[in-house]
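Okay, structure first, notes after.
Proteins get letters first, then strands, A, B, ... in listed order; numbering begins at 1 in each.
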Number of protein chains: 2
Amino acid sequence: MKLTDKKRMQILDAAEELFHSSGVEHTSMDQLALQAKVSKRTVYNHFATKDALFQAILQRMFDKLAQGGEVRFNVAEPIDQQLRRIAQDEVALLSSAAFLRVAKIAIMQVMQRPELAQLMSDSSLGCKRYIDNFLTDACTAGVLKIADIPFAGKQFIYQLKSFVFYPSLFGLEQQTPAQQAHIIDEAIALFLARYQIKPG
Amino acid sequence: MKLTDKKRMQILDAAEELFHSSGVEHTSMDQLALQAKVSKRTVYNHFATKDALFQAILQRMFDKLAQGGEVRFNVAEPIDQQLRRIAQDEVALLSSAAFLRVAKIAIMQVMQRPELAQLMSDSSLGCKRYIDNFLTDACTAGVLKIADIPFAGKQFIYQLKSFVFYPSLFGLEQQTPAQQAHIIDEAIALFLARYQIKPG
DNA sequence: TATATAAACTACACCGTGCAGTTTACATAT
DNA sequence: ATATGTAAACTGCACGGTGTAGTTTATATA
């Protein structure tokens, strides 16, 4: 790896760390250069302004999170098992340090500069990408009965977000794995009570 | 009204406006004095520091929101009607400009200074105050069957928050009254599908 | 030879203070 | 009632101190 690329990475790593722990506003470029073990001039050789660096960080963090497996509906497997896998993946994402970092940074900026709001809603992470297809297939197979599929998908995801994501985001309690399992179980129970077609 | 009280109110009004639109950090005391039509020195005669002003704003806004009726369980009335009244009150609160203002200001500060997180969770607004009692009574009356009442209460409230509050908070779309009614209906349907004891 | 470094520098914005002079509210005297 | 005194509050402005984005310059290093 070329030296310049290595330095660039050091800068981005430091920015991610400091923007998260201290906020974008409270992170000075001097502090950042120090943390990156790079001269301030080098920072400015790579990024013209603080804002450009911020944009780059956001992009990199989104890219990191973009991957993640897709769960496809399978008629042969019990629906609750499949939903549990989806929910487990989602909870793992929502409670991951990486996701919380980017979310905290992004949300703070969005709240300060509402014109960037679209950026957030556009980015489709986690099970949001495929849940509508999954539910459609489950309905077609006669396992679920849902009138408004996008709405129902939100109901499911929002359960997880509300119990797992927002409390962490606002610095309240984190959940233990046991609590997370309970949250997942209850979200599924709630969802299936409403939408599952009972056999028999 | 005495002059000094009038000035104080002008300062608080300006602070509420600017803290909301620009954030606490990005509001300078000069700007604030200008908006309040008051000299900067007067601002400092009323509030020793910017932080003291911030605390006062938060207190005033919480006081404004503190009122709100309590819905008590009534055996004679259908449970879905009662839940609808609770949900309507809650949605009205969550989508009110006053609540969104204080929430935005408070959350921005909490995210920047996590040590203040308790302040938010401690304040009990809306139906959070009484929903546990309501559900307990409904269970005792044999209308609902809930194992973990605080958890179920959260499930109900979080439905409303997720669809109504957070999208508004992050500057995404507002809901029309018709959409709000739909959200309420679906939240109740979901909740009762899981927890209602079917007659017969 | 191109790039990194260190340190000093510029330009600016902001918090909070001090102070001289003015306005307001209200009590007391005529 | 009207005039006058007075204390409290407001104003406007300048200033100290601090922090920070971004630049410049001179030097070292791969």
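Residues meeting the ring pair (Phe, Tyr, Trp, His ring centres under 6.0 Å) test with Y158(A), sequence neighbours left out: F163(B).
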Acceptor/donor pairs from residues 68-79 of chain B side chains to any protein atom, 3.5 angstrom cut, sequence neighbours excluded:
{"unit_1": "E70(B)", "atom_1": "OE2", "unit_2": "R72(B)", "atom_2": "NH1", "d": "3.2"}
{"unit_1": "N74(B)", "atom_1": "OD1", "unit_2": "A76(B)", "atom_2": "N", "d": "3.0"}
{"unit_1": "E77(B)", "atom_1": "OE1", "unit_2": "R85(B)", "atom_2": "NH1", "d": "3.2"}
{"unit_1": "E77(B)", "atom_1": "OE2", "unit_2": "R85(B)", "atom_2": "NH1", "d": "2.7"}

Hey, can you pull the donor-acceptor pairs under 3.5 Å for the side chains in residues 138-155 of chain B, sequence neighbours left out?
{"unit_1": "T140(B)", "atom_1": "OG1", "unit_2": "T136(B)", "atom_2": "O", "d": "2.8"}
{"unit_1": "D148(B)", "atom_1": "OD1", "unit_2": "F151(B)", "atom_2": "N", "d": "3.3"}
{"unit_1": "Q155(B)", "atom_1": "OE1", "unit_2": "Y195(B)", "atom_2": "OH", "d": "2.6"}

**Asked** Can you give the dot-bracket line for DNA chain C, using ( ) for pairs inside the strand, [ ] for pairs that cross earlier ones, | for pairs with another strand and . for unpaired bases, where Watson-Crick and G-U count if both distances are under 3.5 Å?
**Response** ||||||||||||||||||||||||||||||
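Expressed to the nearest 0.5 Å, how far CG of L125(B) lies from CD of E90(B) amounts to 9.0 Å. Taken from CD in Q180(A) to CD in Q174(A), the straight-line distance is 8.5 Å, to the nearest 0.5 Å. With values rounded to the nearest 0.5 angstrom, Q88(B) atom CD is found 5.0 Å from I184(B) atom CD1. Note that OH of Y44(B) is 11.0 Å distant from CD1 of I11(B), once rounded to the nearest 0.5 Å. Of the inter-residue distances, the one linking S22(B) atom OG with E17(B) atom CD reads 8.0 Å to the nearest 0.5 angstrom. In this structure, the separation between CZ on R101(B) and CG on L65(B) is 11.5 Å, given to the nearest 0.5 Å.
Between the P atom of dT20(D) and the CG atom of L53(A) lies a distance of 16 Å, rounded to the nearest Å. Between L18(B) atom CG and dC14(C) atom P there is a gap of 12 Å when expressed in whole angstrom units.
Within residues 25-35 of chain B, the residues having any heavy atom closer than 4.0 Å to DNA chain C are, in order of number, T27(B), S28(B), M29(B).
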**Item:** Heavy-atom protein contacts under 4.0 Å, nucleotides 9-16 of chain D, coded B base, S sugar-phosphate only, - none
**Value:** SSBB----
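When all heavy atoms of I57(A) and E16(A) are compared, the closest pair comes out as CD1-N, 3.6 Å.
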